[in-house]
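Presented below is the structure to which this report refers.
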There are 2 protein chains.
Amino acid sequence: MKAATVYDVAAHAGVSIATVSRVLRRPDDVRASTRQRVLASVLALGYVPSASARGLAARRTGVLGLYFSSVDDEDEQSEAIFVQDTSVEIVVDVPDSREVRPPNLYFDEVLRGSEREAWRHGFALMVGVGRDANPADMVNDIAGRVDGMAVLAGSVPDDILDHVSRRIPVVLIAGPRRGDHHDHVSVSNLEGMRALTTHLLSRHGLTDLVYVGGPADSPDDAERYQGFVEAVEAAGLDPAALPVLRGEFSRVRARGVAETMLATGRVPRALVCGNDQMALGMLDVLIPAGVRVPEDVIVTGFDGIEAGRLSRPRLTTVHQPMVELGRAAMRAMLSRIEHPDQPPITARLPVKVLLRESSEGPAHPSPARP
Amino acid sequence: MKAATVYDVAAHAGVSIATVSRVLRRPDDVRASTRQRVLASVLALGYVPSASARGLAARRTGVLGLYFSSVDDEDEQSEAIFVQDTSVEIVVDVPDSREVRPPNLYFDEVLRGSEREAWRHGFALMVGVGRDANPADMVNDIAGRVDGMAVLAGSVPDDILDHVSRRIPVVLIAGPRRGDHHDHVSVSNLEGMRALTTHLLSRHGLTDLVYVGGPADSPDDAERYQGFVEAVEAAGLDPAALPVLRGEFSRVRARGVAETMLATGRVPRALVCGNDQMALGMLDVLIPAGVRVPEDVIVTGFDGIEAGRLSRPRLTTVHQPMVELGRAAMRAMLSRIEHPDQPPITARLPVKVLLRESSEGPAHPSPARP
DNA sequence: CTCCAGAATGTAAGCGCATACAGTTGGGGA
DNA sequence: TCCCCAACTGTATGCGCTTACATTCTGGAG
């Protein structure tokens with residue numbers, strides 16, 4: 001039982017393959033009666049057009065690509081296919097027994113926006129998440145299958161990027177604008193962190209604050225730190241005098257940092273963290289240790305992930321529009337596909353500072369304890 | 001500047017296109033010296049093979065598909081491409097000011113597992129999320145692009161499923177096993193809910209419990225309710241005497257249900273909810289109203305989503321392995337592709353009851369208040 | 001009834017690659 | 001030195017569809 005082709009449909013409907021193709025691509029070019037006859041044959045034969053053939057003939061695939069890198073846990077699960085395991089284990093789940101999935105919530109949201117926007121414009125979406133040090137194969141593979149691809153900044157070496165961009169347009173997501181020629185969408189990291197820090201400095205009159213940063217090679221973190229520095233300087237303080245801790249964007253790592261800090265005895269008035277995960281890691285350690293947040297220490301994050309809204313205290317943070325980031329990336333790509341020669345696109349999306357209890361004091365009642 | 005093809009590479013390297021193809025597909029069939037010459041040309045020309053052409057010639061695309069349906073909020077965001085908006089809005093974010101994204105966490109996790117497993121076997125992954133009542137176009141489109149696709153049960157009408165499955169294998173995810181011939185992966189809904197309910201009945205000696213169900217046409221909810229019924233019957237109670245409320249799997253809807261219940265004055269000893277979202281909706285209303293959980297009312301959910309682990313009290317639930325579900329779906333598909341004539345696959349994944357404070361009392365200290 | 005301009009449909013040429021099969025080359029053995 | 005086989009490499013075909021161009025219909029004007 002081979003899959004039906006245009007030829008099968010054409011024969012079944014008594015028309016030529018060109019007419020079958022027209023019925024599917026430009027129905028208005030075909031007389032209504034023939035169209036219905038062809039459509040009936042399509043149904044009868046279970047015909048589904050081959051995207052490979054169409055893509056080859058039309059010189060476009062109708063697919064957009066999205067590539068991210070991730071440090072997912074390498075959990076090798078069962079390989080069994082014919083599992084029939086209806087067993088139920090009952091466990092008493094003690095709080096915080098383990099780190100939950102360290103997930104790329106970032107990815108989830110960007111993906112959601114990308115998926116939505118792509119289909120809205122008649123394109124399918126292909127996704128790839130690289131987990132090893134060598135993204136070349138996956139990126140190349142995707143590049144051969146799509147009309148354009150969006151790539152998380154920093155997840156692919158420049159030479160590979162240059163290679164694939166000779167075939168299809170490439171849009172960079174996040175990170176700073178580089179000197180290259182790629183289109184680029186990002187959020188206002190610097191401005192957001194500057195606004196948040198300025199708020200802390202002016203409203204709370206702080207002078208004693210510490211920046212908790214991400215990986216040294218993270219361009220996003222670099223921008224955020226720069227925003228922090230600018231705010232501090234504007235307040236007449238010397239940024240060089242303020243300590244910087246490294247939490248590597250990881251909740252677990254941030255806990256370690258917090259413990260060290262507590263052990264050392266030196267706790268600042270405010271911990272300005274480069275992302276929410278690290279801020280949550282701080283809370284994980286400080287709160288049980290009896291440190292009051294925000295009375296003793298103010299803690300802030302960056303990203304606006306869900307978990308920061310569910311913590312106690314809820315996390316003051318800078319929300320970045322990740323779903324919109326995905327959409328903007330797709331739109332930039334489509335624009336580039338349509339106008340290959342237009343100048344490089346640079347989209348910069350606005351952010352929003354969300355003041356919550358981890359910095360503003362217990363002014364706002366918890367929903368659960370009215 | 002057209003994209004390079006095999007012909008360009010062949011000419012540049014002074015070989016035939018067959019050799020170029022071999023270098024890329026089966027490197028060992030080519031002498032090392034020739035191989036390196038070809039590879040150099042590939043780099044020099046920025047050659048990336050066209051998956052369309054390859055798919056057509058090889059009669060397989062190397063892509064697997066995943067289709068879900070969702071009731072996403074139809075948020076039409078900005079259409080602008082050349083956004084340069086570095087503005088920063090500062091808002092005081094009062095608690096619970098709105099329902100957060102009602103997201104398909106389910107989708108996120110299944111997707112993650114699918115993506116991982118597909119690439120692990122050398123396949124790319126294409127995703128589609130249908131949001132309107134007519135999935136035919138998107139499903140057909142995907143079907144034409146892949147070697148097999150996984151579909152969330154109930155998201156695609158049978159006739160469409162039958163149509164596309166004449167071309168490629170289709171695997172159903174979740175839902176009950178139907179009488180059809182498709183491969184199917186799901187979790188032990190019935191057994192999980194039965195185990196949880198049995199635990200509640202035996203440990204707490206309850207007789208007064210209410211089931212809060214999802215949409216009437218949800219096969220998953222039907223299974224869960226059946227598990228509830230079986231446990232109740234096994235305890236010698238009459239399930240028909242126990243009320244069933246409808247929360248439609250929605251947190252907001254569940255709140256409405258809870259409010260009605262409170263207004264009516266009749267509050268049972270336990271609320272057994274068909275999913276976590278509804279259970280959280282219950283908490284949203286009960287806790288602020290002064291109802292103690294679990295002392296006055298026990299509340300349980302189903303799914304094991306992150307938010308249920310972050311609520312106060314933390315939610316007792318049945319965790320289903322959604323990531324693994326995605327992986328199992330991909331594996332089933334690959335198996336079917338490899339052995340088209342094997343009997344239908346039915347994978348049933350185990351679940352885990354997680355006992356937490358919403359049913360077990362304050363025995364376990366909160367991490368935040370040691 | 002004849003003609004002719006559209007409308008409708010058919011014909012045929014690729015799109016870029018994989019691969020069966022044919023042809024070539026390089027050595028080792030006779 | 002010649003022959004023969006294995007290792008390489010080249011030739012040619014077709015995968016299923018789109019589309020420019022050619023051909024055939026249609027139906028209203030003349």
Side-chain angles (χ1 to χ4, degrees), chain A residues 2-39 41-42 45-63 122 140-141 143-147 166-168, chain B residues 2-39 41-42 45-63 122 140-141 143-147 166-168:
Chain A
K2 283 210 25 69
T5 73
V6 258
Y7 297 99
D8 301 321
V9 176
H12 188 274
V15 298
S16 74
I17 61 165
T19 296
V20 175
S21 181
R22 288 194 194 94
V23 167
L24 267 23
R25 299 290 128 237
R26 325 163 41 130
D28 292 341
D29 286 5
V30 179
R31 187 181 314 179
S33 58
T34 22
R35 193 191 315 145
Q36 288 172 14
R37 195 148 37 91
V38 170
L39 254 17
S41 298
V42 167
L45 298 178
Y47 171 64
V48 178
S50 155
S52 294
R54 174 181 306 169
L56 185 56
R59 266 158 285 253
R60 54 195 294 287
T61 65
V63 184
N140 255 290
D141 189 297
R145 302 176 179 282
V146 302
D147 293 330
R166 292 180 64 175
R167 163 176 255 263
I168 50 164
Chain B
K2 278 205 35 61
T5 72
V6 261
Y7 297 99
D8 301 321
V9 176
H12 188 274
V15 299
S16 74
I17 63 163
T19 297
V20 175
S21 182
R22 287 194 196 94
V23 167
L24 267 22
R25 297 292 125 236
R26 326 164 43 128
D28 292 341
D29 286 6
V30 179
R31 187 181 315 179
S33 59
T34 335
R35 195 192 314 147
Q36 288 172 14
R37 196 148 37 90
V38 171
L39 254 17
S41 298
V42 167
L45 297 178
Y47 171 65
V48 178
S50 155
S52 294
R54 175 181 304 170
L56 185 56
R59 266 158 282 255
R60 56 196 292 290
T61 65
V63 184
N140 256 290
D141 189 299
R145 302 176 180 283
V146 302
D147 294 330
R166 292 180 66 173
R167 163 176 256 266
I168 52 164

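- Here the side chains of D8(A) and H12(A) are not in contact, with every heavy-atom distance at 4.5 Å or above.
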In B/S/- notation (B base, S sugar-phosphate only, - none; protein heavy atoms under 4.0 Å), nucleotides 15-23 of chain D written 5' to 3' is BBBBBB---

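- We find that CG of D29(B) is positioned 14 Å from P of dG10(D), with the value rounded to whole Å.
- In terms of heavy atoms, S41(A) sits closest to A13(A) at OG-CB, 3.3 Å.
- Contact between A4(B) and L45(B) at its shortest, heavy atoms only, is CB-O, 3.8 Å.
- Annotation: the terminal axes of the helix from dC1(C)-dG30(D) to dA30(C)-dT1(D) meet at 50°, where each axis is the rotation carrying the C1' atoms of four end pairs onto the next four (5 pairs per end, rounded to 10°).
- With hydrogens and angles disregarded, a donor-acceptor distance shorter than 3.5 Å links the side chain of T61(A) to the backbone of R145(A).
- Interatomic distance, Y47(A) OH to L39(A) CG, rounded to the nearest 0.5 Å: 12.0 Å.
- Just one of L24(B), D29(B), V23(B) meets the side chain to side chain contact (heavy atoms under 4.5 Å, CB included) condition when paired with R35(B); it is V23(B).
- Considering only heavy atoms from C-beta on, R167(A) comes within 4.5 Å of S50(B) through its side chain.
- Between V20(A) and the options V30(A), T34(A), V6(A), T5(A), a side chain to side chain contact (heavy atoms under 4.5 Å, CB included) holds for only V6(A).
- Taking CZ of R31(A) as the reference point, atom CZ of R37(A) lies at 9.0 Å (rounded to 0.5 Å).
- From the 5' end on, the contacts that DNA chain C makes with chain B at under 4.0 Å to a non-hydrogen atom open and close at dG16(C) to dA20(C).
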